[in-house]
Structures are given as C-alpha cells and as structure tokens.
Undergrad: 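Structure below; questions to follow.
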Amino acid sequence: MTRVTLRYVLVYSSIRKQIENLEYAIGDLLPPEPELQKQFGVSRVTVRKAIELLARQGFVHIQQGRGTSVLDYKATQNLQFVTSFSETLQERGYVVDHRLISIRTEHPNSNVAANLGITKDDSIVRIERVAYADKMPIAIMTNFLVADYVPGIEKKAGMIKSLYHFLEDEYSIFIDSAKDFISADVTSEKDVELTGMLAGAPLVTVRRVSYRNAKPIELAYLRIVANRYEYSVYTKDRPPRSHNTTERSV
C-alpha cells in the first residue's frame, strides 16, 4: 500500500469512526476540505478520496455548492413487527436490489428439517441472494421454503424482491410470526467473493424461522454488514418476582 493510499484510508477511517460514535449527527455537514486538510495534515486529493469512499459506502452525501452531509447509514429493524429484511431497508429509504445466486429444489439436511418441522425425505426450495442497499452490498440471504407450499417457484425467481410480499402475492401465504436468533461473525472467503465485502469485517448473523398459524413456512440465514444495520427492541415492565425471593433492606 502506498503512502498516499494509506493516508486517505486513515482519514476515511477516522471520519467514519466519528460518524459511528455520533460525533456528527445525521444531517450535519462535515468540515470543509481546507479544514480537514489542516486537521489531518494531508493534501486536498487525499481528503477528497477519503470523502468519496465514505460516500460510496453510504455514510455521507456530497452535494455541490452545499457541502458533505452525514447520512442515516443504518437500517433499523423493529423486532416488535414481522418484517422482511428488504422491507426494512425500503422503509428506511434505501433503493433495494437483489442478485440471485441460485434457486433449487433439494432435500433438507437434519438442521433445516428440524427448523421447518419436516423430515429429510421432504423437499425444500433453497434460495440464495445478495441484497444491495443503494448499490452497496449489505447482506447475503439464504432462504429455505417448504417446497409443497411454493410449487413452480423456480420459474418465478425473477419476481422475488421482498420475499414476504412475493409469498403473499403469488401464493397467498401470509407470515404472521417469526423467531429470530441473532449473533455475530466476521466475513468468510465466500462472503468476500460474492459481495466484495472486506475480509474480516464484522457481520450480524440472523437465523429466522417464520410461521403461518404457528406452522413453520421458512427458514432464513442472513449475514448482514454490521455497521449498516441494527435491531431495535422495545421492552416494557419488569417480570414478576419469584415467590422465594425475599426483599432485603440495605
């Protein structure tokens, strides 16, 4: 890596960290280029390359004659409601696109079968896609559907945007509940190959089982770019205290 390249990456990383730490609020303007040059002790070219990289990754918007404003770069999914990943992105104002990697009918392994409440002799449809938000890769999505519920889906693969909308419109399947299991990981070689994500970058991983009338319909595995997505949970009231818990004065 050349010295110039290293400098613009350092400037980019520093400003990005300030944005993520909320030192700049959404809508704030970044300091003008001469001020950033002085702040980081770099050339105007270096500052511009750093800002352009921030813009490509959805952290800022460059507007001629006005300056560079900070964007709401995170999509937030409220866990009180059953929404698909694509629906959440669209509600936050992102332009959402998908690239289909594969769709095929197969027999499930024991883990998929257990999650969907079927046997390994049953058939499932496996769909693997990359999701893009404003042309930037944001997630790899793998969905498993019980094949009996979605006959002929391979011929309709090009119609799948939001999977939940697709199931409602094409098969009258309305998801009414879901259970999410959320954890963390880093990008694998496959993630980098499919999406161009940075090697070793943090991911939010989600395993979701979706239901209709308490019956499993879909199993999904999501690998989401961590710094562009978050989950929101609203909680209310304390749980009842156990009867064998005694109050002690301090």
Side-chain angles (χ1 to χ4, degrees), residues 1-77 85-86 88-90 92-99 101 129-141 182-206 222-232:
M1 182 179 289
T2 67
R3 183 174 296 178
V4 173
T5 300
L6 179 60
R7 283 179 175 175
Y8 97 80
V9 171
L10 289 175
V11 174
Y12 153 81
S13 298
S14 179
I15 297 175
R16 171 175 162 173
K17 187 174 182 179
Q18 289 176 309
I19 294 172
E20 292 176 338
N21 290 340
L22 305 182
E23 295 177 39
Y24 292 109
I26 296 167
D28 280 356
L29 293 177
L30 293 183
E33 287 182 0
E35 189 173 330
L36 290 174
Q37 287 177 246
K38 187 179 298 185
Q39 178 182 335
F40 292 103
V42 296
S43 69
R44 189 171 187 176
V45 172
T46 300
V47 168
R48 284 191 173 178
K49 289 186 70 173
I51 297 301
E52 287 169 0
L53 181 56
L54 287 165
R56 288 201 302 271
Q57 296 199 351
F59 288 93
V60 300
H61 174 63
I62 303 170
Q63 189 170 350
Q64 192 73 26
R66 182 173 182 271
T68 301
S69 56
V70 175
L71 297 176
D72 184 1
Y73 67 94
K74 282 191 176 182
T76 304
Q77 182 167 344
F85 182 74
S86 300
T88 298
L89 292 174
Q90 289 169 340
R92 297 293 289 179
Y94 288 96
V95 176
V96 181
D97 295 303
H98 300 86
R99 176 166 63 87
I101 299 171
R129 298 179 293 162
V130 177
Y132 295 82
D134 291 345
K135 299 183 179 180
M136 289 294 297
I138 192 170
I140 297 174
M141 305 184 296
I182 304 171
S183 58
D185 200 358
V186 295
T187 50
S188 66
E189 289 184 8
K190 182 179 179 181
D191 299 327
V192 175
E193 180 183 346
L194 288 176
T195 67
M197 296 177 188
L198 295 176
L203 298 175
V204 175
T205 64
V206 181
L222 307 179
R223 297 176 62 79
I224 309 168
V225 177
N227 63 11
R228 300 194 69 198
Y229 203 78
E230 65 182 15
Y231 283 86
S232 169

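Because only heavy atoms are used, hydrogens play no part in the values below, and waters and symmetry mates are left out as well, while side chains stay in. Just so it is clear, the structure is predicted and the values come from calculations on it, not from any experiment.
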Undergrad: Take atom CD of Q63 as the centre, draw a 6.0 Å sphere, and report whether it contains more than 12 heavy atoms from other residues, nucleotides or ligands.
TA: yes
Undergrad: I'd like to know if the side chain of T187 reaches the main chain of G200, judged simply by a donor and an acceptor atom lying under 3.5 Å from each other, with no hydrogens or angles considered.
TA: yes
Undergrad: Quick check for you: to the nearest 0.5 Å, what is the distance between Y8 atom OH and E52 atom CD?
TA: 9.5 Å
Undergrad: In chain order, what residues pass the side chain to side chain contact (heavy atoms under 4.5 Å, CB included) check against L29, with sequence neighbours excluded?
TA: R66, S69
Undergrad: What residues, two or more places apart in sequence or in another chain, satisfy side chain to side chain contact (heavy atoms under 4.5 Å, CB included) together with P202?
TA: A226
Undergrad: Would you confirm whether S14, through its side chain, and L10, through its main-chain N or O, come within 3.5 Å as a donor-acceptor pair?
TA: no
Undergrad: Run through I15, L22, L54, L30 and flag the one making a side-chain contact (heavy atoms from CB on, under 4.5 Å) with V70.
TA: L30
Undergrad: For the residue pair V130 and P137, what are the closest heavy atoms and their distance?
TA: CG1-CB, 4.5 Å
Undergrad: Assess whether side-chain contact (heavy atoms from CB on, under 4.5 Å) is satisfied between I224 and L203, documenting all intermediate values.
TA: CA-CA 5 Å; I224 309 168; L203 298 175; over 6 Å; no
Undergrad: Kindly write out the residues that satisfy side-chain hydrogen bond (donor to acceptor under 3.5 Å, both in side chains) with Y132, not counting sequence neighbours, or none if the list is empty.
TA: R99
Undergrad: Would a 4.5 Å heavy-atom cut-off, applied to side chains only, mark V204 and V206 as touching?
TA: yes
Undergrad: Provide the closest heavy-atom pair for I62 versus A55 in the form atom of the first, atom of the second, distance.
TA: CD1-CB, 4.0 Å
Undergrad: Hey, what do you get for CD1 (I51) to OG1 (T68), rounding to the nearest 0.5 Å?
TA: 5.5 Å
Undergrad: Run the side-chain hydrogen bond (donor to acceptor under 3.5 Å, both in side chains) test against T195 and tell me which residues pass, sequence neighbours left out.
TA: none
Undergrad: To the nearest 0.5 Å, tell me how far R129 CZ sits from L222 CG.
TA: 9.5 Å
Undergrad: Heavy atoms only: give me the nearest M141-H98 pair and the separation to one decimal.
TA: CE-CD2, 3.4 Å
Undergrad: For S43, enumerate each residue passing the side-chain hydrogen bond (donor to acceptor under 3.5 Å, both in side chains) test, keeping only those at least two apart in sequence or located in another chain.
TA: T46
Undergrad: Which residues pass the side chain to side chain contact (heavy atoms under 4.5 Å, CB included) test with K17, not counting sequence neighbours?
TA: N21
Undergrad: Quick one: salt bridge (charged side-chain N to carboxylate O under 4.0 Å, His left out) pairs with a partner in residues 131-140, sequence neighbours left out?
TA: none
Undergrad: Just grab all the salt bridge (charged side-chain N to carboxylate O under 4.0 Å, His left out) pairs involving residues 191-204, residues at least two apart or on different chains.
TA: D191-R223
Undergrad: Nearest 0.5 Å, please: how far is CD in Q18 from CG in D28?
TA: 11.5 Å
Undergrad: Of the non-hydrogen atoms in P31 and Y24, which two are nearest, and what is the gap between them?
TA: CD-OH, 3.3 Å
Undergrad: Residues two or more places apart in sequence or in another chain: which of them pass salt bridge (Lys or Arg N to Asp or Glu O under 4.0 Å) with R48?
TA: E33
Undergrad: Without swapping roles, check the side chain of T205 against the backbone of D185 for a donor-acceptor pair under 3.5 Å.
TA: no
Undergrad: According to side chain to side chain contact (heavy atoms under 4.5 Å, CB included), who are the partners of V186, at least two apart in sequence or on a separate chain?
TA: none
